[in-house]
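Numbering starts at 1 and runs along the sequence shown. Keep in mind that what you see is a predicted model, and the values were worked out from it rather than measured. No hydrogens, no waters, no symmetry mates; every other heavy atom, side chains included, goes into these values.
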Amino acid sequence: MKRNSFIGNLKRRTFIQRSLLLGTGLLAERYLNRFPKEIHAMTNSEADVIFYNGKITTLDRRHPEVTAIALTGGFVSAIGSDKEIHALAKPDTKMIDLRGKRVIPGLNDSHLHLIRGGLNYNMELRWDGVRSLADALAMLKIQADRTPAPQWVRVVGGWSEFQFKERRMPTLAEINAVAPDTPVFILHLYDRALLNRAALRAVGITKDTPDFTGSRIERDAKGNPTGILIAEPNALILYATLAKGPKLPMSDQINSTRHFMRELNRLGVTSCIDAGGGYQNYPEDYQVIEKLHEDGQITVRIAYNLFTQNKGGELADFKKWAGMVKPYSGDEYLRHNGAGEMLVFSAADFEDFLQPRPDMAANMEKELGEVVRFLVENRWPFRLHATYDETIGRALDVFETINRDTPFGDVRWFFDHAETISEKNLERIQRLHSGVAVQHRMAFQGEYFVDRYGKQAAEHSPPIRKMLAMGIPVGSGTDATRVASYNPWVSLYWLVTGKTVGGLPLYGEANRLEREEALRLWTLGSAYKSNEEKAKGALLPGRYADLAVLSHDFMTVPEEAIKDITAVMTVVGGKIVYADAEFKSHDTPLPPVSLDWSPVHHFGGYQQANVSSVSVVARTSMASGCHHDHVHGYDGKLSCWLGLSGQQGQQKRPSFNHPWATGCGCFAY
């Protein structure tokens with residue numbers, strides 16, 4: 001595997017001072033051995049790039065904020081005052097004035113499906129961040145008119161009906177009206193998919209098509225499919241149907257993945273742990289990311305877990321992969337991170353809060369035990385998807401049994417999600433020296449959770465503050481791109497405010513985080529999940545030069561504005577990979593989106609609101625009671641350039657007698 005060009009610079013330029021590196025214990029000897037030997041004797045502190053006149057959050061408790069930072073050879077070489085860091089400049093040092101902007105360590109999503117998402121990003125119409133269903137339907141119509149046969153229009157997750165002004169889902173009649181001929185597949189979380197008539201024809205779903213186990217095809221009185229596919233709660237029907245869509249050739253997948261990484265860079269993301277995914281086979285579906293790595297075109301550092309693909313053959317999958325790849329093999333841009341999030345199909349519960357909690361199969365313990373024992377014996381780190389406390393308790397029974405005769409020791413493992421985990425099971429996790437990775441799925445499903453389990457149950461879902469108080473390692477992420485948006489600022493907003501994207505307050509002060517605490521989960525906390533907490537996550541000498549310059553100050557901006565922050569400059573390994581606004585002259589744009597008809601080419605990715613207007617939104621949202629106007633109108637950014645603002649159409653208040661009804665979500669309050 002070819003090493004990234006940034007690493008080659010280390011052979012020409014040394015920069016980490018021995019006293020800073022070893023004297024303060026920033027890098028453990030075990031981790032130092034992974035770097036070129038030249039690092040151990042570095043004394044040269046001259047800088048390649050200096051950023052100054054900023055408000056730089058270091059996450060070093062001794063020096064929490066500085067005004068300047070020096071980067072050399074892809075690493076941080078010094079932090080301090082403008083005067084101190086300017087002294088390190090040489091004639092060819094690039095000097096960048098931060099103009100008082102807030103700088104943070106690069107964000108690290110501990111649970112992202114980047115590799116799979118990148119293959120499809122250019123084909124997907126994103127409703128992430130769209131404020132109005134009317135705008136969303138307008139986007140759908142424009143894209144349907146632009147999409148050539150046999151391609152589909154795909155809206156694949158990252159949105160919730162509660163984010164819309166209208167507080168409802170689109171109807172099938174609306175979807176068919178705006179897209180009568182082009183196949184449309186709209187995924188809502190992992191609970192349902194909406195297909196227009198053209199999509200039903202494209203995938204071959206007819207009156208005679210049987211339901212999947214644990215899923216349902218909604219039918220009319222005559223038995224004909226309506227276009228709604230329902231997970232009850234198994235989402236296999238949703239994955240399998242989406243997988244029938246046209247795929248891009250490899251050259252377009254490469255372009256698509258590059259644009260997805262740039263979109264993440266635009267939001268300040270510099271690292272992630274890729275959690276695999278259904279229909280993501282190793283090594284076949286990793287060719288694109290390997291090619292980008294070989295060509296030095298990765299702009300988001302990736303640690304990838306391998307996700308079993310074969311029900312009943314899970315152990316065979318991991319035995320095969322154990323002969324192909326070793327834990328933590330690779331380099332700092334692409335490295336292996338062990339097994340999961342799916343270890344065995346019998347242990348996978350589902351996060352569909354519109355459905356009752358599923359019971360895991362009776363053979364779960366046997367199958368999970370066989371796989372985990374193999375992983376521990378081979379010192380493979382692992383992660384396990386688990387939504388409910390009941391699933392976690394049964395898994396812990398297995399892990400405790402294995403640990404008695406085959407100690408886990410320094411094998412890093414953790415649970416993903418854990419929305420309903422109990423204090424008892426947190427104590428068991430603590431005794432096994434494990435951890436939890438939390439995601440902002442409740443920001444998209446909190447209303448459903450409250451409706452099913454009640455507001456009190458939702459107040460600690462998951463109990464993040466309790467985890468931190470117990471000293472359990474916690475990392476944060478999104479679980480994007482399907483069940484939630486990939487925008488890290490929506491997650492940070494959720495952690496700080498305890499609110500859903502629809503504005504529902506879930507958590508009291510007892511389960512909300514301070515801003516720096518939330519940032520630590522998104523940096524150092526996530527780095528721990530890939531055994532990289534000594535190399536990334538803080539802006540300290542000797543660590544990766546990964547940072548984000550923010551559009552608005554995360555530490556002081558009004559809470560409602562947090563979710564609309566972006567980066568105006570993002571740096572990975574000392575290289576500026578994204579720049580905009582006043583820093584745009586430093587940007588190096590990518591080649592254009594390779595598909596003329598691509599939704600990304602026309603609409604971009606996450607739909608940003610105007611941050612300056614957020615204070616008004618915040619004041620309005622504090623009023624008590626429901627103030628939804630229940631009209632099918634147009635508002636938001638898109639309505640301005642579509643020329644639709646001001647048009648209003650009345651719509652009847654919907655009924656909630658049917659679980660798939662469309663309408664206001666006030667029932668959840």
Side-chain angles (χ1 to χ4, degrees), residues 1-13 16 27 31-36 38-39 48-49 71-76 105-110 112-119 253-276 282-283 285-306 325-338 381 477 523 526-537 542-548 570-578 588 590:
M1 186 178 290
K2 182 179 177 181
R3 296 183 65 81
N4 191 283
S5 59
F6 298 145
I7 302 307
N9 292 337
L10 295 175
K11 298 180 180 179
R12 300 186 295 273
R13 185 176 294 145
I16 299 178
L27 295 181
Y31 203 93
L32 277 170
N33 290 336
R34 295 186 187 150
F35 291 95
E38 290 92 336
I39 279 184
D48 296 334
V49 186
L71 314 179
T72 312
F75 291 77
V76 176
L107 297 175
N108 184 350
D109 192 327
S110 66
L112 178 66
H113 298 275
L114 185 156
I115 295 172
R116 181 183 67 189
L119 302 180
Q253 289 180 342
I254 288 172
N255 180 276
S256 178
T257 301
R258 292 189 71 187
H259 277 274
F260 185 35
M261 287 192 290
R262 183 173 175 84
E263 169 73 349
L264 294 169
N265 295 151
R266 183 180 73 86
L267 297 167
V269 176
T270 60
S271 289
C272 78
I273 306 178
D274 187 279
Y282 184 84
D285 294 322
Y286 290 72
Q287 293 179 31
V288 167
I289 204 67
E290 290 282 6
K291 173 65 175 171
L292 289 170
H293 179 245
E294 181 181 343
D295 293 342
Q297 294 177 339
I298 287 180
T299 62
V300 176
R301 302 181 192 271
I302 302 170
Y304 62 92
N305 286 79
L306 295 182
V325 63
K326 301 299 180 186
Y328 306 129
S329 59
D331 63 23
E332 62 271 45
Y333 283 87
L334 184 65
R335 67 200 299 262
H336 179 239
N337 196 52
T523 51
S526 294
Y528 184 86
K529 303 304 182 193
S530 58
N531 202 14
E532 295 177 285
E533 72 275 12
K534 299 298 184 183
K536 62 171 71 167
R543 303 207 183 190
Y544 297 151
D546 299 350
L547 57 88
T570 303
V571 176
V572 180
K575 178 181 178 182
I576 298 171
V577 295
Y578 174 82
T588 304
L590 294 184

Q. Under 3.5 Å, is there a donor-acceptor pair between the N265 and T299 side chains?
A. yes

Got a second to check how far [X]'s [atom1] is from [Y]'s [atom2], nearest 0.5 Å?
X    : Y    : atom1 : atom2 : value
L107 : S271 : CG    : OG    : 9.5 Å
H293 : Y333 : NE2   : OH    : 9.5 Å
Y286 : L306 : OH    : CG    : 5.0 Å
F260 : Q253 : CZ    : CD    : 14.0 Å
D274 : I302 : CG    : CD1   : 6.5 Å
L292 : M261 : CG    : CE    : 5.0 Å

Q | Test: R335 and E532 ion pair at under 4.0 Å | A | yes

(Q) Can you tell whether the side chains of K291 and D295 come within less than 4.0 Å, N to carboxylate O? (A) yes

Look at the side chain of [X] and the backbone N and O of [Y], then say whether any donor-acceptor pair between them is shorter than 3.5 Å.
X    : Y    : value
N305 : A275 : no
S526 : N108 : yes
D331 : L334 : yes

Closest approach of [X] and [Y], non-hydrogen atoms and distance?
X    : Y    : result
C272 : L112 : CB-CD2, 3.9 Å
G118 : S256 : O-OG, 2.6 Å
V300 : V269 : CG2-O, 4.1 Å
K536 : R543 : O-NH1, 3.6 Å
A303 : S530 : CB-CB, 3.9 Å
N337 : K529 : ND2-O, 3.3 Å

**Q.** Pair Y304 + H336: ring centers closer than 6.0 Å
**A.** yes

